[in-house]
Amino acid sequence: MYNSRIIGLGKYVPENIVTNEDLSKIMDTSDAWITERTGIKERRHIKKGDGNTTATMALKATKIALERANIAAEDLDLILFATLSPDYYFPGSGVVLQDLLGIPACPAMDIRNQCSGFIYALSTADQFIKTGMYKNVLVVGSENHSGGLDMTSRGRGVSVIFGDGAGAAVLTRETNKERGIMSSHIYSEGSYAEELSLIGPSTNRWVPEIIEANDPEDLSYYPYMNGQVVFKNAVVRFSEVINEGLKKNNWLSTDIDMFVPHQANLRISQFIQKKFGLSDDQVYNNIMRYGNTTAASIPIALTEAWEEGKVKEGDKVVLAAFGSGFTWGSSLMVW
Ligand code: UT7
């Protein structure tokens, strides 16, 4: 049995910045409302014709992560691609990325666990490495939200929150059992599936059915979020799953050097920070700049924390997420 360890991180966000002011010109919202409720000041949106897709953004983040890991794409044994906005309905974006990386053939799979997707993918990578099945695994989260949002006042409760981007992590085998991923904890509760969802088109609601209904009031093909229900569950599950990880590893919250939460809402992060008695330099937030990038949010934030020298060798790092499904999870590692 081995441990697995992140040895390279990378991120990519589209150049196009969309500020709260920009949004307030096209829908009934304001910088004050968005800042107060979410902490978001701006996000990145793919611009038509800029060449960005879910897979190409992932490619850009991956190239940086591979270079930092000093590993060639051909040395990857497995690609795990977390996204809720794949390039195609099928196949998944993992195979598209495998082709873009120029790898002739390797296993590639998509992880469909939305905001918790990166934690689920990390946990899966860890298991494949632990058992000795694979040595080098790429875990990538990438989202193209902007093209599918209702950018009118009708969709303001959701569309001001989400942004585009990608983050990647290269994991490898670690023989020192005191280093790398120490434990992962993942959960789901499908009774809340529709509280944060995009219903159609799907096998429940095929395209011909939507066309036949020809209903301009049909909003099933836009993302829906019951914000308050999500918020209430998020703070409980975040706390539970972090506590479970701390207990498993005999860590106290004071042992945490860096906590990187999924960037869902600055208020949620602040609530968790307070609950665990963490100082500002023990928590990394960048939702102000990118909004909620779902599966990409943790790897983007972790990359930035590492680039800023806030994650160093030997540090105890805690990652945690909650989102659609509902799904949630945590990952505890020694850097
Ligand atoms: O990453 C996945 C996990 N997601 C989350 O964790 C999100 C969790 N939920 C939240 O972060 C919050 O619920 C939101 C930020 C989404 C919404 O905040 P809220 O305090 O729950 O607001 P609300 O939905 O209860 O809406 C309050 C008011 C409503 O108006 P009335 O009915 O009081 O007149 C909304 O219509 O705010 C209105 N509103 C807006 N006003 C201006 C909703 N969206 C907007 C907007 N601009 N963008």
Side-chain angles (χ1 to χ4, degrees), residues 18-43 45 82-85 111-120 141-143 145-146 148-165 167 187-189 192-198 219 222-242 260-273 275 285-288 290-301 319-330:
V18 178
T19 65
N20 293 346
E21 294 296 343
D22 294 333
L23 292 179
S24 66
K25 287 178 193 142
I26 57 171
M27 64 180 80
D28 182 15
T29 190
S30 65
D31 175 49
W33 192 96
I34 301 171
T35 306
E36 190 188 313
R37 307 273 177 141
T38 70
I40 300 166
K41 299 301 281 184
E42 58 189 43
R43 72 287 291 141
H45 281 182
T83 186
L84 66 66
S85 50
I111 304 268
R112 292 284 310 273
N113 288 82
Q114 302 69 247
C115 300
S116 313
F118 187 77
I119 299 285
Y120 266 77
S142 182
E143 302 289 2
H145 283 306
S146 58
L149 297 171
D150 178 359
M151 299 299 283
T152 68
S153 297
R154 194 180 55 187
R156 65 184 182 172
V158 170
S159 53
V160 302
I161 291 166
F162 293 96
D164 303 333
Y187 291 96
S188 71
E189 197 176 20
Y192 289 101
E194 294 195 359
E195 299 295 356
L196 178 44
S197 58
L198 197 157
L219 304 178
Y222 287 122
Y224 165 78
M225 175 163 71
N226 184 341
Q228 294 195 2
V229 168
V230 176
F231 196 105
K232 280 181 198 150
N233 280 271
V235 290
V236 172
R237 297 307 194 182
F238 259 111
S239 305
E240 274 177 13
V241 84
I242 294 165
V260 181
H262 162 53
Q263 302 291 296
N265 183 322
L266 190 60
R267 307 296 158 239
I268 296 178
S269 299
Q270 287 167 337
F271 179 92
I272 303 300
Q273 173 174 351
K275 179 150 189 177
N285 288 305
N286 61 7
I287 192 169
M288 319 66 141
Y290 306 125
N292 179 345
T293 56
T294 309
S297 95
I298 290 181
I300 292 175
L319 314 178
F322 177 89
S324 162
F326 292 150
T327 57
W328 63 99
S330 66

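Heavy atoms only: backbone and side chains are in, while hydrogens, waters and symmetry mates are out. Counting starts at 1 for both ligands and their atoms, following the listed order.
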Residues E36, R267; criterion salt bridge (charged side-chain N to carboxylate O under 4.0 Å, His left out); working and verdict: CA-CA 9 Å; E36 190 188 313; R267 307 296 158 239; over 6 Å; no

So R43 and D164, salt bridge (charged side-chain N to carboxylate O under 4.0 Å, His left out) or not? Walk me through it. CA-CA 7 Å; R43 72 287 291 141; D164 303 333; over 6 Å; no

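Scanning all heavy atoms of the two residues, the minimum distance from W328 to E240 falls at NE1-OE1, 4.5 Å. When all heavy atoms are compared, the tightest approach of A321 to C115 is CB-O, 3.5 Å.
In this structure a side-chain-to-backbone donor-acceptor pair under 3.5 Å is present from E143 to S85.
The local environment of CD in E194 is sparse, with at most 12 non-hydrogen atoms from other residues, nucleotides or ligands closer than 6.0 Å.
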Which pairs of nitrogen or oxygen atoms, taken one from ligand 1 and one from the protein, are under 3.5 angstrom apart?
{"from": "ligand 1", "atom 1": "1 (O)", "to": "H262", "atom 2": "NE2", "distance (Å)": "2.9"}
{"from": "ligand 1", "atom 1": "1 (O)", "to": "N292", "atom 2": "ND2", "distance (Å)": "2.5"}
{"from": "ligand 1", "atom 1": "9 (N)", "to": "G227", "atom 2": "O", "distance (Å)": "3.0"}
{"from": "ligand 1", "atom 1": "11 (O)", "to": "N265", "atom 2": "ND2", "distance (Å)": "2.6"}
{"from": "ligand 1", "atom 1": "13 (O)", "to": "G227", "atom 2": "O", "distance (Å)": "3.2"}
{"from": "ligand 1", "atom 1": "20 (O)", "to": "R37", "atom 2": "NH1", "distance (Å)": "2.6"}
{"from": "ligand 1", "atom 1": "22 (O)", "to": "R37", "atom 2": "NH1", "distance (Å)": "3.3"}
{"from": "ligand 1", "atom 1": "25 (O)", "to": "Q228", "atom 2": "NE2", "distance (Å)": "2.6"}
{"from": "ligand 1", "atom 1": "36 (O)", "to": "R156", "atom 2": "NH2", "distance (Å)": "3.0"}
{"from": "ligand 1", "atom 1": "37 (O)", "to": "W33", "atom 2": "NE1", "distance (Å)": "3.2"}
{"from": "ligand 1", "atom 1": "41 (N)", "to": "W33", "atom 2": "NE1", "distance (Å)": "3.3"}
{"from": "ligand 1", "atom 1": "47 (N)", "to": "T29", "atom 2": "OG1", "distance (Å)": "2.6"}
{"from": "ligand 1", "atom 1": "48 (N)", "to": "T29", "atom 2": "OG1", "distance (Å)": "3.1"}
{"from": "ligand 1", "atom 1": "48 (N)", "to": "R156", "atom 2": "O", "distance (Å)": "3.2"}

